[in-house]
Amino acid sequence: MLIGNLAAYSQPKSITNETAEHKAARMKWFTDARFGMFIHWGLYALPGRHEWVKHRERFTTEQYQKYFNYFNPDLFDPKKWAKEAKAAGMKYAVLTTKHHEGFCLFDSKYTSYKSTNTPAKRDLVKEFVAAFRAEGIKIGFYYSLIDWHHPDFTIDRLHPQRERNKDEWSEKEKRDTAYYTNLNKGKDMSRYRKYLKDQVTELLTNYGKIDILWMDFSYPGAQGKGRNDWASTDLLKTVKKLQPNIIINNRLDLNDYTDGFDFETPEQVKPTALLEFKGKYWETCQTFSGSWGYYRDEHSWKTQRQLLDLLITSVANGGNLILNVGPTARGEFDYRANKALDSLSYWMHANSKSIYNCTYPPDQFTLPAEMNTRLTYNPNTGRLYVHLFSYPSNGKLVLPGYKDKIKYAQLLNDASEVEYTVVGSDIELKLPKEKQPYEVPVIEFITK
Ligand code: GLC
């Protein structure tokens with residue numbers, strides 16, 4: 001009896017009844033692409049101190065209005081952005097059409113809080129789409145479920161007007177619904193829900209084929225918001241109806257449905273944490289520095305080596321990396337972002353074959369952890385890529401047990417042969433004594 005009940009209970013739920021094969025076909029371009037660009041841009045670029053500034057500094061909507069009035073990105077040229085993304089090897093780009101602050105970068109019928117009403121006077125989303133599409137880059141829209149501007153969006157524990165001088169809530173306060181009921185008099189979430197659906201409909205109707213929808217985010221529980229607040233199942237159905245091939249992330253609070261999302265989104269995790277996602281569809285989202293929106297005085301920028309580690313380790317565990325740029329209020333990538341993108345372009349130009357269309361290799365290809373390598377593999381060509389995070393000082397590298405596994409080796413960057421000798425069941429590579437001018441050199445193996 002009990003067992004029967006449990007089985008019924010754990011039956012996976014589905015919204016669309018899509019088969020695994022159909023999903024795999026729909027996801028193919030995404031898993032082949034491996035590398036994308038995230039773009040966080042909005043009014044928060046003006047204060048230049050984090051995209052959550054309205055929350056952090058508890059701005060009222062009136063206090064925040066100055067950024068709307070002065071938003072004038074005179075150097076905005078999305079064609080330049082698209083060229084930089086392409087040069088860095090990014091195959092898709094996801095732009096914040098609206099972030100938590102509620103400001104819309106597109107000409108929405110449903111609000112006046114939009115870029116066309118600022119001194120910018122432009123539909124920035126439209127220009128982004130045209131420019132990136134022209135470079136052959138797939139188009140993604142980020143849309144914030146949260147909205148700190150909309151008058152019907154109820155005040156909750158993340159809202160700028162949460163009216164407490166602290167961010168830590170006691171359990172009692174979290175349950176103190178009377179407190180919130182009072183704050184939220186006159187607000188009606190069902191009107192916000194309609195707004196949300198109308199805007200998503202606009203975005204998926206007016207800009208042609210959209211490849212990715214990145215919804216952000218749910219925080220169910222006391223004084224939080226989740227699927228009922230967004231009407232997530234209905235929203236998902238609408239999205240699929242408007243754009244049947246779109247790929248959608250996992251932040252609608254529908255994770256108990258097999259098809260409530262297409263990919264997982266480990267955010268700002270260390271490369272070592274990516275192993276656990278092996279075998280799933282996933283994309284890790286990462287910043288160059290500690291913030292998504294432009295942050296002038298934040299200086300903890302990742303090094304080229306850290307960025308490459310994220311990219312290579314993602315692919316080595318069968319996932320994607322989306323790296324974020326936070327353009328300035330004048331509409332440009334700042335000098336630090338440009339430097340980081342240039343360094344990636346340089347590496348990708350020579351080594352991208354170990355990234356695109358690649359994943360983790362079959363089980364027989366492993367190397368001991370102390371060699372500090374990451375392995376990727378292209379299942380179409382059968383080529384194995386060994387990324388050297390440590391370079392052997394004398395150029396001698398032993399691959400234990402590889403005698404019967406490979407038939408040719410070369411450096412990926414210039415296709416120059418790497419000679420080797422067979423010693424027992426091992427092979428001993430003779431790499432150039434001097435490391436090639438790449439932070440992480442790659443050896444390409446033709447496998448048996
Ligand atoms: C977070 C943050 C946000 C950012 C996003 C990207 O959930 O709220 O500012 O847009 O992650 O993953």
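One-based numbering along the sequence shown. All ligand and atom numbering here is 1-based and tracks the order in the structure.
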Considering only distance and modelled atom types, tabulate donor-acceptor pairs under 3.5 Å from the side chains of residues 306-329, sequence neighbours left out.
unit_1 : atom_1 : unit_2 : atom_2 : d
Q306   : OE1    : T303   : N      : 2.8
Q306   : OE1    : T303   : OG1    : 3.4
D309   : OD1    : T313   : OG1    : 2.7
D309   : OD1    : R374   : NE     : 3.4
D309   : OD1    : R374   : NH2    : 3.1
T313   : OG1    : D309   : O      : 2.6
T313   : OG1    : R374   : NE     : 3.0
S314   : OG     : L310   : O      : 2.7
N317   : ND2    : T313   : O      : 3.0
N320   : OD1    : R34    : NH1    : 2.8
N320   : ND2    : F30    : O      : 3.0
N320   : ND2    : Y92    : OH     : 3.2
N324   : OD1    : H40    : N      : 3.4
N324   : OD1    : H40    : ND1    : 2.8
N324   : ND2    : W292   : O      : 2.8
T328   : OG1    : R330   : N      : 3.2
T328   : OG1    : G331   : N      : 3.4
T328   : OG1    : E332   : N      : 3.3
T328   : OG1    : E332   : O      : 3.4

What atoms in ligand 1 come closer than 4.0 Å to a heavy atom of [X]?
X	value
C285	12 (O)
Y142	10 (O)
F217	7 (O), 8 (O)

What protein heavy atom lies closest to [atom]? Include the residue and the distance to one decimal.
atom	answer
atom 4 (C) of ligand 1	H40 NE2, 3.4 Å
atom 9 (O) of ligand 1	E51 OE2, 2.6 Å
atom 1 (C) of ligand 1	E267 OE2, 3.3 Å
atom 8 (O) of ligand 1	H100 NE2, 2.8 Å
atom 2 (C) of ligand 1	W52 NE1, 3.5 Å
atom 3 (C) of ligand 1	H99 NE2, 3.5 Å

For this session: Examine the proximity of ligand 1 to R251 and report which part, side chain or backbone, both or neither, has a heavy atom under 4.0 Å away.
Result: side chain

Exercise. Does ligand 1 have a heavy atom under 4.0 Å from the side chain of D216, from its backbone, from both, or from neither?
Worked result: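 Side chain only.
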
Exercise. Between F389, Y391, W347, which is the residue that forms a side-chain contact (heavy atoms from CB on, under 4.5 Å) with P441?
Worked result: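 When F389, Y391, W347 are each tested with P441, the side-chain contact (heavy atoms from CB on, under 4.5 Å) holds only for Y391.
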
Problem set entry | Under the side chain to side chain contact (heavy atoms under 4.5 Å, CB included) test, residues paired with S289 that sit two or more places apart |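 Checked S289 against side chain to side chain contact (heavy atoms under 4.5 Å, CB included); matches are E298, W301.
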
With under 30° as parallel and over 60° as perpendicular, where do the rings of [X] and [Y] fit, or are they tilted in between?
X	Y	result
Y113	F68	parallel
H387	Y385	tilted
H150	Y195	tilted

Exercise. For the side chain of K91 and the backbone of K138, is there at least one donor-acceptor N/O pair under 3.5 Å apart?
Worked result: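 Not a single qualifying donor-acceptor pair exists.
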
For this session: Could you establish whether Q268 and ligand 1 come within less than 4.0 Å of each other, counting only heavy atoms on the residue side?
Result: no

For this session: Only one of F38, Y143, F261, F141 passes ring-ring contact (aromatic ring centres under 6.0 Å, His included) with W214; say which it is.
Result: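 Among F38, Y143, F261, F141, the one that satisfies the ring-ring contact (aromatic ring centres under 6.0 Å, His included) with W214 is F38.
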
Exercise. Can you check whether W214 has an N/O within less than 3.5 Å of an N/O in ligand 1?
Worked result: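 No.
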
For this session: May I ask you to decide whether R227 forms a salt bridge with D256, counting only side-chain N to carboxylate O separations under 4.0 Å?
Result: yes

